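The next block holds one structure in the form of structure tokens; read it before the comments.
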Amino acid sequence: MSRKSLLTNRASLTHKVGYALRHPARITPYVKRTARDTWLRLKHPDHVAYYRAVMASDTGRNPEAAVGSRSHERWLALGEMQFDYLSDHGLKPGHRMLDIGCGNLRAGWRFIDYLDTGNYYGIDISPDILISAKQTLTTYALQDKLPHLTITQDLKLEFLPSAHFDVVHAHSVFSHSPLDVIDECLAHVGRILAPGGFFDFTFDRTEGAEHQVLREDFYYRTETLLELARKHGLEARFMNDWEKRPHGQSKIRVSNPA
């Protein structure tokens, strides 16, 4: 990402006007998205309920687009990118993995295929996208791998066993989360990590003012999230080599102190 991009405040009127002038074809979709955002915010003041409604709306139109993929080819490529990175950075077949915001298994079907039977656990706030995830399981004939797919209301993770997961993964979850939701997750993830385990998460990074676009997209400074993790007794580091991948988000890895 360029320095200019990292300093951009996408919520500012100046950016919105400039973007509209450069991309006039995107004005109508943005207006529709803004109208939906306004209606859903009034109807669902709680963020989880709000975003669950967003996912229901998006999944109803196109499950792959609902998880941020504009084409099936991009859906496959983004899933492969996540899988390749984790398998190159510590994930082993015998590991037990928790995939937070597993969506419709864009990367999850590859993890399920790679991991030993029963070692994949995916959670999501959206029942609609989990129905699509089950269809993905069928498409790739992965039923015998016995993955766990569970809906959740929050990220307290209290229904999961302590010291159980070697790898916890959250791709494009914190990019749609206010800081209190991220704080909740970081406050509890250390309990479920097995000794030597780690938690990788992506986020939308800014080096300027932290901001949000509508109620869907949140931009954070790296140090904000590193400090938040450390507040909960976790070790945290920015994963520089992820930046070399063709993806717009950044990545942090956290773990319990040795």
Side-chain angles (χ1 to χ4, degrees), residues 46-48 51-52 55 67 79 82-83 85-87 89-127 129-134 136-137 140 142-174 176-177 180-203 225 228-237 239 251-258:
D46 171 70
H47 182 75
V48 171
Y51 206 73
R52 182 174 285 166
M55 289 301 295
V67 296
Q82 295 173 58
F83 173 79
Y85 188 85
L86 274 190
S87 59
H89 289 74
L91 181 67
K92 304 299 181 187
H95 281 166
R96 289 175 296 207
M97 178 180 183
L98 173 66
D99 199 3
I100 298 174
C102 63
N104 65 342
L105 303 182
R106 176 172 60 182
W109 74 265
R110 298 178 188 273
F111 293 132
I112 293 166
D113 189 42
Y114 175 75
L115 295 169
D116 292 346
T117 298
N119 279 10
Y120 177 89
Y121 206 119
I123 63 174
D124 206 287
I125 65 168
S126 171
I129 205 68
L130 285 177
I131 290 172
S132 179
K134 292 178 180 179
T136 301
L137 279 179
Y140 290 98
L142 293 168
Q143 298 94 326
D144 290 347
K145 298 304 290 279
L146 299 177
H148 308 271
L149 297 175
T150 302
I151 191 168
T152 187
Q153 178 66 24
D154 53 44
L155 293 181
K156 295 177 183 177
L157 310 173
E158 56 198 2
F159 61 98
L160 297 171
S162 297
H164 185 75
F165 293 100
D166 303 287
V167 176
V168 180
H169 178 249
H171 183 91
S172 198
V173 174
F174 290 174
H176 301 299
S177 300
D180 63 307
V181 172
I182 300 174
D183 183 57
E184 177 180 84
C185 183
L186 292 173
H188 295 91
V189 73
R191 180 188 65 82
I192 66 167
L193 281 174
F198 60 85
F199 171 32
D200 276 15
F201 63 83
T202 63
F203 67 102
L225 301 184
L228 195 61
R230 291 164 185 157
K231 183 187 81 170
H232 294 295
L234 299 166
E235 294 181 346
R237 61 189 175 99
M239 304 297 281
K251 183 185 282 280
I252 287 174
R253 173 169 293 188
V254 303
S255 58
N256 286 319

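It should be emphasised that the depicted structure is a prediction, and the values quoted were computed from it without experimental measurement.
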Taking all heavy atoms of [X] and all of [Y], pick out the closest pair and write down the distance.
{"X": "Ala229", "Y": "Val254", "value": "CB-CG1, 3.8 Å"}
{"X": "Leu130", "Y": "Cys102", "value": "CD2-SG, 3.7 Å"}
{"X": "Val173", "Y": "Gly101", "value": "CG2-CA, 3.9 Å"}
{"X": "Pro147", "Y": "Ile112", "value": "CB-CD1, 3.7 Å"}
{"X": "Ser177", "Y": "His47", "value": "CA-NE2, 4.1 Å"}
{"X": "Ala170", "Y": "Phe199", "value": "CB-CE1, 3.7 Å"}

Is a donor on one side and an acceptor on the other found under 3.5 Å between the side chain of [X] and the backbone of [Y]?
{"X": "Arg96", "Y": "Val167", "value": "no"}
{"X": "Arg253", "Y": "Asp200", "value": "no"}
{"X": "Thr150", "Y": "Ile123", "value": "no"}

Are any non-hydrogen side-chain atoms of [X] and [Y] less than 4.5 angstrom apart?
{"X": "Phe198", "Y": "Leu86", "value": "yes"}
{"X": "Ser172", "Y": "Phe203", "value": "no"}
{"X": "Trp109", "Y": "Leu137", "value": "no"}
{"X": "Glu235", "Y": "Arg230", "value": "no"}
{"X": "Pro93", "Y": "Leu115", "value": "no"}
{"X": "Phe111", "Y": "Leu91", "value": "yes"}
{"X": "Asp46", "Y": "Arg52", "value": "no"}
{"X": "Gln153", "Y": "Val48", "value": "yes"}

Pairs touching residues 182-197 that satisfy side chain to side chain donor-acceptor pair (under 3.5 Å), sequence neighbours left out: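 Every pair satisfying side chain to side chain donor-acceptor pair (under 3.5 Å) with a residue in residues 182-197: Ser162-Arg191, Asp183-Lys231, Asp183-His232.
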
If you look only at pairs with a residue in residues 142-164, which of them pass as a ring-ring contact (aromatic ring centres under 6.0 Å, His included), with sequence neighbours excluded?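 Qualifying pairs, neighbours excluded: Tyr121-His148.
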
Please test Tyr140 against Asp113 for side chain to side chain donor-acceptor pair (under 3.5 Å), starting from the C-alpha separation and ending with a verdict. CA-CA 9 Å; Tyr140 290 98; Asp113 189 42; over 6 Å; no

Nearest 0.5 Å, what's the [atom1]-[atom2] distance between [X] and [Y]?
{"X": "Leu160", "Y": "Ile192", "atom1": "CG", "atom2": "CD1", "value": "5.5 Å"}
{"X": "Met55", "Y": "Ser132", "atom1": "CE", "atom2": "OG", "value": "9.0 Å"}
{"X": "Ser255", "Y": "Arg237", "atom1": "OG", "atom2": "CZ", "value": "7.5 Å"}
{"X": "Leu149", "Y": "Asp124", "atom1": "CG", "atom2": "CG", "value": "9.5 Å"}
{"X": "Asn104", "Y": "Thr136", "atom1": "CG", "atom2": "OG1", "value": "4.5 Å"}
{"X": "Asn119", "Y": "Leu98", "atom1": "CG", "atom2": "CG", "value": "12.5 Å"}

Side chain to side chain contact (heavy atoms under 4.5 Å, CB included) for Thr117 and Asp144? Distances and angles first, verdict last. CA-CA 7 Å; Thr117 298; Asp144 290 347; over 6 Å; no

Between Tyr85 and Phe83, is the gap from one ring center to the other below 6.0 Å?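 No, ring centres 6.0 Å or more apart.
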
Would a line drawn from the ring center of His169 to the ring center of Phe201 be shorter than 6.0 Å?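 Distance test on ring centres: not under 6.0 Å, no.
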
